[in-house]
Structure formats: structure tokens, C-alpha cells
Amino acid sequence: VVGYLMERRIVVSRLRARIREEEQRARRLLNEASSDLLASLPGVEHFRDRLAMEFRRAANAQLSLSLLLIRLTPSLRLSQSGDIMTAYGDAAKAMLRRLREEDSIYLFSAAVFGIVLPGVRAAAAQRVGERLAEGLMDASGVSDRFTFSLRAITFPDDAASAHELEHAALGFAAEARQERAAA
């Protein structure tokens, strides 16, 4: 009986070690997938080009153009940078699922996203922002992996030129960098 119990104890300890290894492997794969997703998002230069093109289209056709700016702040509970990147990747996936086909998302910095919404007025931009907020709350989870702030800027209501829209978006990203540096 003692021999049998010792053998069972060894088997259980090996299984526990194997489970830990598999959990680490799964976490590593999830981190890599999130990093790949974030790396695949276009950056500031592409945003500038798209914004200029969409602004010309909106101004010529007398349409609205809206920007949604999203800043994520990781929870203090997220200690490892891989966990933070996974949370940001989950947030990006949640936003991508809630966008229309003609909308485009950009990554300004590690935790700041910009979304161009062609043909969307201020009220509709607020509704899109509410849908994104729901998705971000779901992605944050019950453990509150991150918090977020969201700002909507609309042409012609809030900005009169593409330069003003770009300045507001990049100013939002700069505020996020300053907040991270202060923390």
C-alpha cells in the first residue's frame, strides 16, 4: 500500500509539472498572438495618409468624419509585460469585432488606438464609442486587466481641418505617454 501511494504521488507530481509547462506554453503562444496582432495594425504614418484622404472626401461631399481615440491603462495586477500585451491584444480584437468594414483602426503607441469613422456624425460616433466601450469592458474581464478612456472628435463639429483632427489625435497619444512616464 505504501509503495502504491508513493507511485501515485510521483505520478501526480509529474502531471502537475506537465500542466504547469502546458500553461506556460499556452500563455507564451497567447502573448505571441497578441503581439503579432498589435504589430499588424497600421501606425501613425498610415493614419495621417488615411485621415487626409478621408478628410478630402468628407469635405468635398459635405459629409462628416469622426475619430475615436482610445487609451488603455493596464491594471496594477498585470505584472509581466507579456500579460499587458495580451490584454492590449484582447482589447484590439474586441474593437475590431465592433467596427464596420469601412472603419479603420490604428495603433499610435502601445496603449493608444485611433479609429477613423468615415461618414459618421457626432451622435453616431458616440453610439459607436458606447459599443466599443462594451467590448472593451468585456475584454478587460472581471479582473479589470485594464481601464480605458475614449474620446470622439468629429468634423465639422469639433474640428475644421484635417490638421486639427490630426493634432487632436496625436495630442491624445502624447497625453498617454506623459501619464505613463509620470506613473
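Nothing fancy with the numbering, it's 1 onward along the sequence.
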Measuring centre to centre across the rings, with the benzene-like ring taken for any Trp, is F108 within less than 6.0 Å of F47?
yes

By salt bridge (charged side-chain N to carboxylate O under 4.0 Å, His left out), which residues pair with E101, not counting sequence neighbours?
none

Check: residues 12-20 side-chain donor-acceptor pairs under 3.5 Å, at least two apart:
unit_1: S13; atom_1: OG; unit_2: R9; atom_2: O; d: 3.3
unit_1: S13; atom_1: OG; unit_2: I10; atom_2: O; d: 2.8

Salt bridge or not for R27 and D83, using N-O below 4.0 Å?
yes

For L107 and S109 the tightest heavy-atom approach is CD1-O, 2.9 Å

May I have all residue pairs that pass side chain to side chain donor-acceptor pair (under 3.5 Å) and include part of residues 152-161, sequence neighbours excluded?
S66-T154

Can you tell me if CZ on R25 sees more than 12 non-hydrogen neighbours from other groups inside 6.0 Å?
no

A168: which residues meet the side chain to side chain contact (heavy atoms under 4.5 Å, CB included) condition with it, sequence neighbours left out?
I153

Restricting to pairs with a member in residues 5-36, which pass ring pair (Phe, Tyr, Trp, His ring centres under 6.0 Å), not counting sequence neighbours?
none

Is a side-chain donor-acceptor pair under 3.5 Å present for S104 with Y106?
yes

Mark yes when over 12 heavy atoms from residues, nucleotides or ligands other than R48 sit less than 6.0 Å from its CZ; otherwise mark no.
yes

Using atom types as modelled, flag every donor-acceptor pair under 3.5 Å from a side chain in residues 33-40 to any protein atom, sequence neighbours excluded.
unit_1: S34; atom_1: OG; unit_2: L30; atom_2: O; d: 3.2
unit_1: S35; atom_1: OG; unit_2: N31; atom_2: O; d: 3.0
unit_1: S40; atom_1: OG; unit_2: L37; atom_2: O; d: 2.7

State which residues pass side chain to side chain donor-acceptor pair (under 3.5 Å) with E102; sequence neighbours excluded, sorted by chain then number.
R100

Closest heavy-atom pair, L165 versus F155, reported as atoms and distance to 0.1 Å, is CD1-CB, 4.1 Å

In the hydrophobic clustering that connects Ile, Leu, Val, Met, Phe, Trp and Tyr at side-chain heavy-atom distances below 4.5 Å, which members other than M6 occupy its cluster, ordered by chain and number?
V2

Sorted by chain and number, sequence neighbours left out, side chain to side chain donor-acceptor pair (under 3.5 Å) with E22 holds for none

Can you sort out the partners of R151 under salt bridge (charged side-chain N to carboxylate O under 4.0 Å, His left out), two or more places apart, ordered by chain and number?
E175

Using distance only, find each side-chain donor-acceptor pair of residues 125-135 under 3.5 Å and give its atom names and separation, not counting sequence neighbours.
unit_1: R131; atom_1: NH2; unit_2: R98; atom_2: O; d: 3.1

Closest approach of F55 and A160, non-hydrogen atoms and distance?
CZ-O, 3.7 Å

Side chain to side chain contact (heavy atoms under 4.5 Å, CB included) between L117 and L67: does it pass, once the steps are laid out?
CA-CA 6 Å; L117 304 169; L67 295 179; over 6 Å; no

Name all residues meeting the salt bridge (charged side-chain N to carboxylate O under 4.0 Å, His left out) criterion together with R50; count only those two or more places apart in sequence or in a different chain, and write none if there are none.
E54

